[in-house]
Undergrad: 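The structure follows.
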Amino acid sequence: MVASGELRAFLMSRRAAIDPASVGLPQSPVQRRARGLRRAEVAALSGVSVDYYARLEQGRVGVVSDQVLTAIEDALHLDSLERQHLRALVVPHRFPGRRQPPVTARPRAALQTLVASMDPIPALLLSRRLDVLLSNRAARILSADFDAMPVAERNIVRWLFLDPRTRVLFPQWEEVAAEAVAALRANRNPHVQDDELERLVGVLKTASADFARMWADYRLYQHGHGRKQFLHEAVGVITVNWETLPIPGADGAFISAYTPDVGSPSEERLRFLVTGTGAGSPA
């Protein structure tokens, strides 16, 4: 078995997230020392022995059957992304010890042209580590001028936790930040040594108690689509829909684009912010 430390942290976080009453367990006569389910309760719900589950959580068992994994996944109420992650942690990899190379090359010219041409729609090209590889003019106005930052600091997660202005820019900062941390967690391949990602995590765990707390929660998140709010002093709140556009063959890189609802006040405010034009007051 590989990644035993990660396996233990993941399973413990999922146990802690479950209210015992929600799975039909009676109130314990003994005060619980920690929130969530005990190991013995997960074992009982999964139909395995307490000793076996304890050894599994510690990474001290060999091959785990699909039936047992499914039972544990069901007991812990794992979603599809969490189930995939658990199996990546448990199932031995054929090529352990592989290293993820650092991002050194500039994205190909066609991608640079595509992201730039999406203006006035704000758009970013992000790596799976959430490094900002490209940003167009509208995105730099809406969020931050990543091009002006040192290359090592052009990372969404780093920016969210180390730049205090983001807590004003995002009215729902806690939600935005937690999703970014969970996405970074989900993109961390347990079978591949990624020195850049580990260095980023180490810096942020030391520099930000909020990051350390969210990282310890071990949430997983996969970018797809959603809504997000930005607060700009000049125009007020802008609500946008964001969409993720995966780039095939780019090691997990994707474009994130932001569009407001057609005809909404946010559309008018974003147009005014990005182009300086628009009918009526932007406020």
Side-chain angles (χ1 to χ4, degrees), residues 3 5-19 35-36 73-74 76-90 100 103 122-133 139 143-144 154-163 166-167 169-192 194 196-198 200-205 208-230 239-247 250-259:
E6 282 293 300
L7 177 63
R8 180 175 182 272
F10 176 66
L11 289 175
M12 288 181 65
S13 75
R14 296 309 88 206
R15 285 199 287 117
I18 296 180
D19 178 4
R35 61 189 177 95
E73 290 163 353
D74 291 344
L76 294 174
H77 294 181
L78 302 189
D79 62 25
S80 58
L81 184 59
E82 292 168 334
R83 290 171 188 250
Q84 179 182 339
H85 187 73
L86 174 60
R87 288 171 185 258
L89 291 172
V90 169
Q100 182 68 37
V103 176
L124 302 165
L125 177 66
L126 302 174
S127 75
R128 58 176 190 78
R129 300 184 188 101
L130 302 187
D131 300 312
V132 180
L133 306 178
S143 55
R154 297 176 190 174
N155 179 275
I156 291 293
V157 187
R158 183 186 179 102
W159 172 61
L160 283 169
F161 286 92
L162 299 189
D163 188 339
T166 62
R167 296 176 187 255
L169 181 62
F170 295 106
Q172 286 87 37
W173 180 89
E174 182 83 12
E175 178 183 341
V176 171
E179 285 184 353
V181 174
L184 196 65
R185 267 284 192 189
N187 291 335
R188 189 185 193 212
N189 188 329
H191 302 292
V192 177
D194 189 333
E196 286 192 4
L197 190 151
E198 298 306 321
L200 173 66
V201 171
V203 167
L204 292 177
K205 285 172 71 174
S208 171
D210 284 325
F211 177 86
R213 167 176 57 84
M214 294 178 188
W215 186 257
D217 284 342
Y218 215 130
R219 282 184 55 201
L220 302 178
Y221 181 75
Q222 190 170 47
H223 282 100
H225 59 87
R227 288 173 73 82
K228 188 175 292 184
Q229 286 188 334
F230 294 80
T239 301
V240 295
N241 306 296
W242 58 267
E243 292 283 346
T244 296
L245 310 173
I247 307 298
D251 190 31
F254 60 94
I255 291 174
S256 188
Y258 303 89
T259 57

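Start at 1 with the first residue, then count along the sequence.
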Undergrad: Locate the shortest heavy-atom distance separating Asn155 from Arg129; write the atom from each residue and the value.
TA: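 Of all heavy-atom pairs spanning Asn155 and Arg129, the closest is ND2-O, 2.9 Å.
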
Undergrad: Ser208: which residues meet the side-chain hydrogen bond (donor to acceptor under 3.5 Å, both in side chains) condition with it, sequence neighbours left out?
TA: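 If we apply the side-chain hydrogen bond (donor to acceptor under 3.5 Å, both in side chains) test to Ser208, skipping adjacent residues, there are no hits.
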
Undergrad: Could you tell me whether the side chain of Asp194 and the main chain of Asn189 form a donor-acceptor pair under 3.5 Å?
TA: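 Flag not set: sc Asp194 to bb Asn189 has no pair under 3.5 Å.
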
Undergrad: Can you name the closest pair of heavy atoms from Ile156 and Leu124 and give their distance?
TA: CD1-CD1, 4.4 Å

Undergrad: For residues His85 and Tyr218, report the shortest heavy-atom separation together with the two atoms involved.
TA: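 Result for this residue pair: NE2-OH, 2.8 Å.
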
Undergrad: Mind jotting down which residue pairs meet the salt bridge (Lys or Arg N to Asp or Glu O under 4.0 Å) criterion with at least one end in residues 218-228? Sequence neighbours excluded, please.
TA: Arg227-Asp261

Undergrad: Give every donor-acceptor pair under 3.5 Å between a side-chain atom in residues 180-188 and any protein atom, sequence neighbours left out.
TA:
unit_1: Arg185; atom_1: NE; unit_2: Trp215; atom_2: O; d: 3.3
unit_1: Arg185; atom_1: NH1; unit_2: Glu6; atom_2: OE1; d: 3.1
unit_1: Arg185; atom_1: NH2; unit_2: Trp215; atom_2: O; d: 3.1
unit_1: Asn187; atom_1: ND2; unit_2: Arg128; atom_2: O; d: 2.8
unit_1: Asn187; atom_1: ND2; unit_2: Ala183; atom_2: O; d: 3.2
unit_1: Arg188; atom_1: NE; unit_2: Glu198; atom_2: OE2; d: 2.8
unit_1: Arg188; atom_1: NH1; unit_2: Glu6; atom_2: OE1; d: 3.1
unit_1: Arg188; atom_1: NH1; unit_2: Glu6; atom_2: OE2; d: 2.6
unit_1: Arg188; atom_1: NH2; unit_2: Glu198; atom_2: OE1; d: 2.8
unit_1: Arg188; atom_1: NH2; unit_2: Glu198; atom_2: OE2; d: 3.1

Undergrad: Give the minimum heavy-atom separation between Phe161 and Ala177, together with the two atoms involved.
TA: CZ-CB, 3.7 Å

Undergrad: What residues, two or more places apart in sequence or in another chain, satisfy salt bridge (Lys or Arg N to Asp or Glu O under 4.0 Å) together with Asp217?
TA: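 Salt bridge (Lys or Arg N to Asp or Glu O under 4.0 Å) check on Asp217 returns nothing, list empty.
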
Undergrad: Who pairs with Ala250 by side chain to side chain contact (heavy atoms under 4.5 Å, CB included), at least two apart in sequence or on another chain?
TA: Ile247, Ala253

Undergrad: Would you find a donor on one side and an acceptor on the other, under 3.5 Å apart, between the side chain of Arg35 and the backbone of Ala16?
TA: yes

Undergrad: Locate the shortest heavy-atom distance separating Leu78 from Leu86; write the atom from each residue and the value.
TA: CD1-CD2, 3.9 Å

Undergrad: Show the nearest heavy-atom pair for residues Ala123 and Ala139, with the distance to one decimal.
TA: O-CB, 3.4 Å

Undergrad: For Gln172, check side chain to side chain contact (heavy atoms under 4.5 Å, CB included) against everything at least two apart and list the hits.
TA: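 By the side chain to side chain contact (heavy atoms under 4.5 Å, CB included) rule, Gln172 matches Glu175, Gln229.
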
Undergrad: Partners of Gln222 by side-chain hydrogen bond (donor to acceptor under 3.5 Å, both in side chains), sequence neighbours excluded?
TA: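 For Gln222 there are no side-chain hydrogen bond (donor to acceptor under 3.5 Å, both in side chains) partners, ignoring immediate neighbours.
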
Undergrad: Kindly write out the residues that satisfy side-chain hydrogen bond (donor to acceptor under 3.5 Å, both in side chains) with Arg14, not counting sequence neighbours, or none if the list is empty.
TA: Glu82

Undergrad: Run the side-chain hydrogen bond (donor to acceptor under 3.5 Å, both in side chains) test against Ser143 and tell me which residues pass, sequence neighbours left out.
TA: none

Undergrad: Name all residues meeting the salt bridge (Lys or Arg N to Asp or Glu O under 4.0 Å) criterion together with Asp79; count only those two or more places apart in sequence or in a different chain, and write none if there are none.
TA: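 Asp79 satisfies salt bridge (Lys or Arg N to Asp or Glu O under 4.0 Å) with no other residue.
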
Undergrad: I'd like to check the ring pair (Phe, Tyr, Trp, His ring centres under 6.0 Å) partners of Trp159; sequence neighbours left out, ordered by chain and number.
TA: Phe146, Phe170

Undergrad: Considering residues at least two apart in sequence or located in another chain, which fulfil the salt bridge (Lys or Arg N to Asp or Glu O under 4.0 Å) criterion with Glu174?
TA: Arg213

Undergrad: Within the structure provided, determine whether Phe211 and Leu162 are in side-chain contact (heavy-atom separation under 4.5 Å).
TA: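 Answer no - side chains too far apart.
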
